[in-house]
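Report on the following structure.
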There are 2 protein chains.
Amino acid sequence: MALPKSPLPTSIASQQHDHTQCIATAMTQAQEICTHNGARLTRLREQVLRLIWQSHKPLGAYALMDMLAQESTRRVAPPTVYRALEFLLEQGLIHRINTLNAYIGCTHPSAHHANNFLICEHCGVAIEFSTQSLQDNINQTARDLGFSIKAQSIELVGCCDRCEASRHD
Amino acid sequence: MALPKSPLPTSIASQQHDHTQCIATAMTQAQEICTHNGARLTRLREQVLRLIWQSHKPLGAYALMDMLAQESTRRVAPPTVYRALEFLLEQGLIHRINTLNAYIGCTHPSAHHANNFLICEHCGVAIEFSTQSLQDNINQTARDLGFSIKAQSIELVGCCDRCEASRHD
DNA sequence: AAAATTTATGTTATTATATAACATAATCTT
DNA sequence: AAGATTATGTTATATAATAACATAAATTTT
Ligand SMILES: [Zn+2]
Ligand SMILES: [Zn+2]
Ligand SMILES: [Zn+2]
Ligand SMILES: [Zn+2]
């Protein structure tokens with residue numbers, strides 16, 4: 001079974017774009033992936049994923065808890081939201097940004113996930129990226145050092161093109 | 001003024017080696033770098049750095065606190081050790097491993113620090129690495145996406161050669 | 001050298017992030 | 001419907017980090 005591909009060019013998150021489309025696509029893909037994996041995208045999990053997708057800025061677990069409380073007068077305790085996050089991570093629907101202790105929707109959910117992000121200090125947007133040559137380079141470097149990779153996290157913190165432009169206005 | 005170069009081949013941390021030499025070199029370099037930077041490597045900071053260098057395994061701030069207490073019957077509170085860590089990070093003498101919330105000695109302290117590590121799940125060793133082609137690739141990728149990098153963190157979690165070998169004995 | 005300034009450390013309290021352990025509810029399987 | 005499994009609720013606690021203010025040590029100025 002072929003899973004759908006992401007419609008997002010790598011760096012669109014930092015540009016103006018139709019974000020309702022991002023959300024719609026993410027939710028549709030999530031449902032398809034969960035069905036494909038025989039996993040249940042429950043109301044809570046769906047709700048958490050939708051909240052994460054409200055922007056391209058990573059959100060912390062406690063921010064999500066507050067948003068849940070606001071949105072539905074349903075106040076959940078930490079374990080509840082962490083379990084939803086754990087599920088979404090397992091399904092490859094979100095990533096954890098280690099430098100921020102925060103979570104963000106995956107723009108190309110599929111079986112294998114490199115976890116590569118550009119993180120703008122100014123606007124907070126995290127842009128997922130991946131190129132074959134970079135991945136080849138990483139893999140070759142690890143091989144040269146006799147290391148077998150189980151999980152990969154590349155986080156580049158700096159300033160995105162949009163913020164750079166707006167600072168020179 | 002030329003700063004000393006690291007004597008460590010990239011991946012030695014996962015091999016058997018004379019670790020007292022690692023420690024001695026690290027402490028000497030640290031003193032030189034601080035002098036060069038007009039910074040003060042106080043007794044506490046020196047002690048924390050030495051504790052971090054007791055192995056090639058990243059240590060958490062609270063583990064360091066316990067070790068300080070054991071070593072010198074000096075029990076320090078969190079802010080004290082965090083301030084020492086902050087200083088050592090600023091001087092480029094240690095790195096923070098984001099996936100572990102832990103700190104490790106830098107094997108090639110100098111002005112610019114890519115923060116690239118192989119982290120073995122089995123033995124806990126973190127191996128700092130860097131190749132020019134990988135860095136070129138990262139820089140080119142960021143440039144293509146209009147992103148200017150301020151800080152870089154690559155963390156590859158998996159299994160090192162030594163552990164891989166010992167599992168097939 | 002004494003005074004003033006800066007830098008470093010000590011101390012107490014608090015914030016932020018995440019998990020353990022156990023109870024209840026919902027869903028799936030037979 | 002009964003039993004098994006999975007998901008969520010609940011309470012308490014662990015782990016990581018910082019804020020705010022006090023004291024001490026080192027450096028600079030007079
Ligand atoms: Zn969008
Ligand atoms: Zn930005
Ligand atoms: Zn060593
Ligand atoms: Zn290992």
Side-chain angles (χ1 to χ4, degrees), chain A residues 30-31 34-35 37-52 57-69 71-91 93-104 124 153 155, chain B residues 30-31 34-35 37-52 57-69 71-91 93-104 119 124 126 153 155:
Chain A
Q31 188 56 68
C34 286
T35 301
N37 292 348
R40 284 164 55 199
L41 189 61
T42 62
R43 183 164 111 64
L44 175 71
R45 291 164 174 175
E46 207 259 4
Q47 193 177 8
V48 169
L49 182 59
R50 190 179 298 275
L51 286 173
I52 288 176
K57 304 177 188 184
L59 288 175
Y62 283 74
L64 284 166
M65 284 174 55
D66 293 344
M67 292 164 80
L68 280 169
E71 162 161 308
S72 53
T73 43
R74 142 149 79 165
R75 168 147 299 279
V76 304
T80 301
V81 75
Y82 276 103
R83 280 185 293 226
L85 291 170
E86 185 183 24
F87 172 87
L88 296 170
L89 285 167
E90 279 168 1
Q91 299 300 316
L93 299 173
I94 64 173
H95 291 286
R96 184 174 196 279
I97 306 290
N98 292 315
T99 56
L100 300 175
N101 295 337
Y103 305 84
I104 190 169
S153 163
E155 299 183 6
Chain B
Q31 188 55 70
C34 287
T35 301
N37 292 348
R40 284 165 53 200
L41 189 62
T42 61
R43 183 163 112 66
L44 175 70
R45 290 163 175 174
E46 207 260 2
Q47 194 177 9
V48 170
L49 182 60
R50 191 178 297 275
L51 286 172
I52 288 175
K57 305 177 187 182
L59 288 175
Y62 282 74
L64 285 166
M65 283 173 56
D66 293 345
M67 292 165 80
L68 279 170
E71 162 160 311
S72 53
T73 43
R74 143 148 81 166
R75 169 148 297 281
V76 305
T80 300
V81 74
Y82 276 104
R83 281 185 293 225
L85 291 170
E86 185 182 25
F87 172 86
L88 296 171
L89 286 168
E90 280 168 359
Q91 299 300 316
L93 299 174
I94 63 173
H95 293 285
R96 183 174 196 279
I97 306 291
N98 293 314
T99 55
L100 300 175
N101 294 338
Y103 305 84
I104 190 169
I119 303 160
S153 162
E155 299 181 7

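The basis for the numbers below is simple: all heavy atoms, side chains too, and nothing from hydrogens, waters or symmetry mates. Below, chains carry the letters A, B, ... as their sequence lines are ordered, and counting in each starts from 1.
The CG atom of Leu85(B) sits 13 Å away from the C1' atom of dT18(D) (whole-angstrom rounding). Distance Leu88(B) CG to dA8(C) C1': 13 Å, rounded to the nearest Å. Rounded to an integer number of Å, the gap from Asp66(A) CG to dA16(C) P is 10 Å. Here the P atom of nucleotide dT12(C) and the CZ atom of Arg75(B) are 13 Å apart, to the nearest Å. Regarding Met65(B), its CE atom lies at a distance of 11 Å from the P atom of dG10(C), rounded to whole Å. Nucleotide dT6(D) holds its C1' atom 13 Å from the CD atom of Glu90(A), rounded to whole Å. Between the CG atom of Asn98(B) and the C1' atom of dA16(D) there is a distance of 13 Å, given to the nearest Å. If you take CD of Gln91(A) and P of dT6(D), they are 14 Å apart, rounded to a whole angstrom.
Considering only side-chain atoms of Arg83(B), the nucleotide from dT18(D), dT9(C), dT8(D) that sits closest is dT9(C). The side chain of Pro79(A) approaches dT19(C) more closely than any other nucleotide in the set dT7(C), dT19(C), dT11(C). Distances from the side chain of Asn101(B) to the nucleotides dA8(C), dG10(C), dA16(D) place dA16(D) closest. Of the listed nucleotides (dT7(C), dT18(D), dT19(C)), dT19(C) has the atom at the smallest distance from the side chain of Tyr82(A). Picking from dT6(D), dT10(D), dT8(D) the nucleotide with the shortest atom distance to the side chain of Thr42(A) gives dT8(D).
Of the two residues contacting DNA chain D, namely Phe87(A) and Leu100(B), the nearest-nucleotide position lying further toward the 5' end is that of Phe87(A). Toward the 5′ end of DNA chain C lies the nearest nucleotide of Arg43(B), the other residue of the pair Ala63(A) and Arg43(B) mapping further downstream.
The backbone N or O of Asn98(B) sits less than 3.5 Å from a side-chain atom of Glu155(B), completing a donor-acceptor pair.
Between the CG atom in Leu59(B) and the CG atom in Leu85(B) there is a gap of 10.0 Å [rounded to 0.5 Å]. Remark: Ile52(A) CD1 to Gln47(A) CD distance equals 11.5 Å, nearest 0.5 Å.
Donor-acceptor pairing under 3.5 Å, judged by distance alone, is absent between the side chain of Tyr62(A) and the base of dA16(C).
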As a quick check of understanding, evaluate side-chain contact (heavy atoms from CB on, under 4.5 Å) for Asp66(B) and Arg75(B), giving each step before the final call. CA-CA 8 Å; Asp66(B) 293 345; Arg75(B) 169 148 297 281; 4.0 Å; yes
Determine, stepwise, if the pair Leu41(A) / Phe87(A) fulfils side-chain contact (heavy atoms from CB on, under 4.5 Å). CA-CA 9 Å; Leu41(A) 189 61; Phe87(A) 172 87; 4.2 Å; yes
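At a threshold of 4.0 angstrom between heavy atoms, the contacts of Thr80(B) include nucleobase atoms, whether or not backbone atoms are also involved.
The side chain of Arg45(B) places an N or O atom within less than 4.0 Å of a non-bridging phosphate oxygen (OP1 or OP2) of dA8(C).
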